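All remarks here apply to the structure that follows.
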Protein chains: 2
Amino acid sequence: MAYVEHTTNAHYGKIPAVTKGLMGNRRASFGELGARSANYKAHDVVYYEGDEAKRLYQLVSGTVMLFKLLPDGRRQVVEVLRPGDIFGLAHADEHDCTAETLTDAEVHEVEMRQVEASPEMQYQLASCLTNQMKVLHEHAVLLGRKSAIERVASFLMYLIPDRGGVGCIGPDLSRSEDSCDLQLHMTRQEIADYLGLTIETVSRVVSDLKRRGVIRIDRSDKIHLNRICSLCQMTGIH
Amino acid sequence: MAYVEHTTNAHYGKIPAVTKGLMGNRRASFGELGARSANYKAHDVVYYEGDEAKRLYQLVSGTVMLFKLLPDGRRQVVEVLRPGDIFGLAHADEHDCTAETLTDAEVHEVEMRQVEASPEMQYQLASCLTNQMKVLHEHAVLLGRKSAIERVASFLMYLIPDRGGVGCIGPDLSRSEDSCDLQLHMTRQEIADYLGLTIETVSRVVSDLKRRGVIRIDRSDKIHLNRICSLCQMTGIH
DNA sequence: CGACCGGTTGAACTGCATCAAGCTGAGTGG
DNA sequence: CCACTCAGCTTGATGCAGTTCAACCGGTCG
């Protein structure tokens, strides 16, 4: 089984061309508005929590995570960004999170002044933020109310390409397949910090899913979903 | 000790007049842009999760919470809104949360079309969302990584007027007081659903804080903070 | 080959949930 | 005015999901 990045990972691929309205699932792009493009290697830090916020960033390709640290070292990954997502917003001129790439990533960067001066960009900004807020709401439910199995199942479902975190499409899947390959791009530690669990719990749950035949582990970061529907059943949203 | 609403509760008071830039701590208002004003009683539902999203709302006074439900009844309060906050945004024309007032509330309502057509409103929207994103990030840390005591302490700190969730101002408090009265406007159940805990745990932690002399309980929804600094010390961010 | 890093697995512990009473205060009716 | 009720809250006893601590495993790299 070959793992072709752009078909096997939701986090890959360029920004989708489809756009709707402000409140629709538009995925706007800063590219056509004269943003500077920058390339980062995997595990580069784009900015640190507390840094002065000078620019706005839009992820073009690859994956970026935003996380916060508590003084004793506890970490919470607050967002795992997909192409099209905007980051670097700051409420009081200071970044509230650290932004670190999970993979090589291409990013469009725009000076804050430019954004302030461009209604076009603000439109796109509002549109992207709307979407990201929804994801944050779902993640709050995950962190506040879901069990470990439900968290991991939700996480895996979220990674399925062309599903945008949406649950079961129903029994008559348009893809007519109930299986799928995933490329994780995250260590167990990163997953744990995203799901509010420990590394051991993530590992145990993944092993358990394997034992139950729901997934197959080809390499620790390459997982094959055997039964997407079963997995979806475990997310807590059914 | 008298409890005067607009001085004792962070959730009360009109939208602050102070505004800065897009990324600053601006608290924009739709009022001057011809929004319709609506008044709700305590515990009114503004819209339900799944309802078609037709309008955008900005809270003028009072408190509103947004929550999501899992099919088995588990609930997560994802946001507790303050005056100036915007809600009702929907990614796919459908509200992703239920919006319910906690107190009597005044709300400005704007048709989605109007927002789409108004760069001015989009600017304000982007500004408000930036702030709300930051709060959601902090809340993710709370839900994912904090203990019960830390959650309750963080929650109480968040309610202190004129602090916007900011931690210790330092030993030389500008208010020169280390105490404060709070009006909760939330039942133990609502607090528990906000903090990702059970009602019993919230109750136990509050009793514990009382026993330690950090707070005094005047009525279940009226709490006096005896030592704000001690409380702040318990939030996990120090 | 050995060191090392990320991951897995086991055994014991614990913080919070669950289950089950009891309490308190506001509202109601005799 | 007191008895009753009922909703929201508190407190105690018990259980368990997930953490913690510790050992081990397998692939990779110098």
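Everything numeric here is computed off the predicted structure, so don't read it as measured data. Reminder, nothing fancy here: chain letters follow the sequence lines and each chain counts from 1.
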Decide whether [X] and [Y] meet the rule of one side-chain donor and one side-chain acceptor closer than 3.5 Å.
{"X": "A:H95", "Y": "A:D51", "result": "no"}
{"X": "B:H137", "Y": "A:E79", "result": "yes"}
{"X": "B:Y158", "Y": "B:R82", "result": "yes"}
{"X": "B:K41", "Y": "B:T101", "result": "no"}
{"X": "B:K68", "Y": "B:T98", "result": "no"}

Expected string for nucleotides 25-30 of chain D under the B/S/- scheme (protein heavy atoms, under 4.0 Å, primed atoms plus P, OP1, OP2 as sugar-phosphate) is ------

Nucleotide by nucleotide, nucleotides 5-12 of chain D touches protein heavy atoms under 4.0 Å in the pattern (B base, S sugar-phosphate only, - none) ----SBBB

After noting the C-alpha distance and the side-chain angles of B:E190 and B:H185, does the key distance pass the side chain to side chain donor-acceptor pair (under 3.5 Å) rule? CA-CA 9 Å; B:E190 285 158 351; B:H185 298 304; over 6 Å; no

Rounded to the Å, how far apart are [X] [atom1] and [N] [atom2]?
{"X": "A:D208", "N": "D:dA17", "atom1": "CG", "atom2": "P", "result": "12 Å"}
{"X": "B:R145", "N": "D:dG18", "atom1": "CZ", "atom2": "C1'", "result": "11 Å"}
{"X": "A:L143", "N": "D:dG18", "atom1": "CG", "atom2": "C1'", "result": "15 Å"}
{"X": "B:L195", "N": "C:dG15", "atom1": "CG", "atom2": "P", "result": "19 Å"}
{"X": "A:R151", "N": "D:dA17", "atom1": "CZ", "atom2": "P", "result": "14 Å"}
{"X": "A:I223", "N": "C:dG7", "atom1": "CD1", "atom2": "C1'", "result": "12 Å"}
{"X": "B:I149", "N": "C:dG15", "atom1": "CD1", "atom2": "P", "result": "8 Å"}
{"X": "A:D72", "N": "D:dT19", "atom1": "CG", "atom2": "P", "result": "15 Å"}

**Prompt:** Centroid-to-centroid, A:Y47 to A:Y57, below 6.0 Å?
**Reply:**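 Yes.
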
Checklist entry - salt bridge (charged side-chain N to carboxylate O under 4.0 Å, His left out) between A:D218 and A:R216: does it pass, once the steps are laid out? => result CA-CA 6 Å; A:D218 297 338; A:R216 185 188 62 221; 2.8 Å; yes

Rounded to 10°, the helix from C:dC1-D:dG30 to C:dG30-D:dC1 deviates from straight, judged by its five-pair end axes, by 20°

Practice problem: Check whether any side-chain nitrogen or oxygen of A:T198 sits under 4.0 Å from OP1 or OP2 of D:dG18, and answer yes or no. | Solution: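 Indeed not, no polar side-chain atom of A:T198 lies that close.
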
Worksheet item: How far apart are the closest heavy atoms of A:G50 and A:E94, and which atoms are they?
Response: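 Closest approach of A:G50 to A:E94, heavy atoms only: O-CG, 3.1 Å.
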
Under a 3.5 Å distance rule, please check whether A:D178 uses its side chain to pair with a backbone N or O of A:R227 as donor and acceptor. no

_Residues B:R74 and B:D193 bridged, charged N to O under 4.0 Å_ =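 Result for this pair is no, no salt bridge flagged.
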
